[in-house]
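Just so you know, these numbers come straight off a predicted model, no measurement behind them.
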Amino acid sequence: MWLLERRRRHLLFFSLAFAAVGSATIVQFALWPPDIGYNTIVSAMLYAAGPLLLVEGVLARSRRSMPLGLHAAWFAAIVGLLCYFYYVDNNLQVRVYVLNIGMGCIILSGAWKLRDLVRGNVIDRAMVWLLLGLGLTFFVRVLLDGSSVPPDDVDAFFESAFWIWAQFSMSLLGATLGLGLLVVACADIVLGLKAERDTDPLTGLLNRRGLQGREARLLSVARGKPLGIVACDIDCFKTINDRFGHAAGDVVLATFAGIMRKKLRAGDIAARTGGEEFIMVLNCPLDQAYSLTEKLRREIASAHFAGLPADFAVTCSFGIAEFHPGEGLWDAIGRADKILYAAKRAGRNRTFAEGLQLPSAA
């Protein structure tokens, strides 16, 4: 999958994690290298690399990472302790505890770093719980069967209850984790395509289709609290394109959208529904929507837009309507649009609100 979609770097980490743990198991089964000490070191390095790569992949999926120094510290601690408990104080049982608890701690540390995703979408939550469950199994495994591991008999180790259950659980968990990661990867791709479909590429805001897709959720929200519907239009935008070119017009649209995005609060939505036409759905009553929109209007009027003369002011007009329970979203947008055109007829660079038809000064 990574070869087909190389931008998704986390898929490469997932692949390398499975390769590392699978190779470690083969090293143990095949007893290669045949020297038990070397075999311990090689398998320990591969086993330690597995959860580190897995955690780095999960973090990379959320555009995060684990510091390289922390990777090195975990790796050195696990491999170093295993070397100590072979060459200095030979104890196979302690090595089993060190390896399993170390791997479990690495995975749980990744789940901790992503704990904020439990408030994310269903895929993000599934990823956190998948990591948490996987990390805990390493602790459960040594607590239940770790005592069956002989302290210094390698041949007896491969016949112990711990080894048998370890291989069974790793096979089962490996298949489950693999399928889970495939589901996550496919869901990410589908959601990414959906986001591209619903997003205006120039401004990064929702497009008309994206706004329509959120209508059901907005109608549900409107049953319990007021919503302000704001229609916006950049004044004389055709003049900007004609005088300074379409590239300058695109910069104006992108800059305008950036200013708008910064003013939005949690629960607010903004969309570009036409060339220079925008809609905001504000999670607040009409008077608060008016106050927020007025601040936005003033900030845009005083902003400098790259590609335009310093003395050239970009202005916009707003029309605000309050959403009425029982009506459709586009009905409310239609009312806001009529109020917007009243503001433009009154001289542009104004904010008009339903029931508050007071032109704001430029």
Please determine whether salt bridge (charged side-chain N to carboxylate O under 4.0 Å, His left out) holds for the pair Asp116 and Arg64, giving the CA-CA distance in whole Å, both sets of side-chain angles, and the decisive distance to 0.1 Å.
CA-CA 13 Å; Asp116 59 299; Arg64 309 179 196 186; 2.7 Å; yes
[X] side chain near [Y] side chain, heavy-atom distance below 4.5 Å:
| X | Y | value |
| --- | --- | --- |
| Tyr87 | Ile41 | yes |
| Ile269 | Arg217 | yes |
| Trp2 | Arg8 | no |
| Leu134 | Leu54 | yes |
| Val281 | Phe323 | no |
| Cys236 | Arg348 | yes |
| Cys316 | Asn349 | no |
| Val230 | Ile279 | no |

Take Arg265 and Cys284 through the side-chain contact (heavy atoms from CB on, under 4.5 Å) test and state the conclusion after the steps.
CA-CA 10 Å; Arg265 306 148 309 162; Cys284 60; 3.4 Å; yes
Check this for me: [X], atom [atom1], are more than 12 non-hydrogen atoms of other residues, nucleotides or ligands nearer than 6.0 Å?
| X | atom1 | answer |
| --- | --- | --- |
| Arg9 | CZ | no |
| Arg209 | CZ | no |
| Arg115 | CZ | yes |
| Met66 | CE | yes |

Would you mind checking if [Y] and [X] are paired as a salt bridge, meaning a charged N to carboxylate O distance below 4.0 Å?
| X | Y | result |
| --- | --- | --- |
| Asp235 | Arg350 | no |
| Asp124 | Arg61 | yes |
| Glu322 | Arg335 | no |
| Asp242 | Lys238 | yes |
| Arg297 | Glu299 | no |
| Arg298 | Glu294 | yes |

Please assess Asn39 against Val27 for the test side-chain contact (heavy atoms from CB on, under 4.5 Å), listing each intermediate value before the final yes or no.
CA-CA 7 Å; Asn39 188 280; Val27 164; 3.5 Å; yes
Any side-chain to backbone donor/acceptor pair from [X] onto [Y]? Under 3.5 Å, distance only.
| X | Y | answer |
| --- | --- | --- |
| Asn100 | Phe138 | no |
| Thr199 | Glu196 | no |
| Glu327 | His324 | yes |
| Ser62 | Leu59 | no |

Output, in order, the C-alpha distance, side-chain angles, deciding distance and verdict of side-chain contact (heavy atoms from CB on, under 4.5 Å) for Phe139 and Ile101.
CA-CA 6 Å; Phe139 291 88; Ile101 291 175; 3.8 Å; yes
Go through Arg272 and Asn207 one step at a time and tell me if the side-chain hydrogen bond (donor to acceptor under 3.5 Å, both in side chains) criterion holds.
CA-CA 5 Å; Arg272 181 188 177 196; Asn207 56 25; over 6 Å; no
Would you say the ring centers of His71 and Phe75 fall short of 6.0 Å from each other?
no
With a 6.0 Å cut-off on the ring centroids, do Phe256 and Phe278 count as close?
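Judged by ring-centre distance (under 6.0 Å), Phe256 and Phe278 do meet the cut-off.
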To the closest 0.5 Å, what do you measure between CD1 (Ile107) and CG (Leu131)?
7.0 Å
From Phe168 CZ over to Leu173 CG, what is the distance, rounded to the nearest 0.5 angstrom?
9.0 Å
If hydrophobic clusters are built from ILVMFWY residues whose side chains come within less than 4.5 Å, do Phe29 and Val42 share one?
no
The test is side-chain hydrogen bond (donor to acceptor under 3.5 Å, both in side chains); show your working for Tyr290 and Glu354 and say whether it passes.
CA-CA 10 Å; Tyr290 180 85; Glu354 190 176 49; over 6 Å; no
Do the rings of Phe312 and Phe244 sit parallel, tilted or perpendicular, given the 30° and 60° boundaries?
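Phe312 and Phe244: perpendicular rings.
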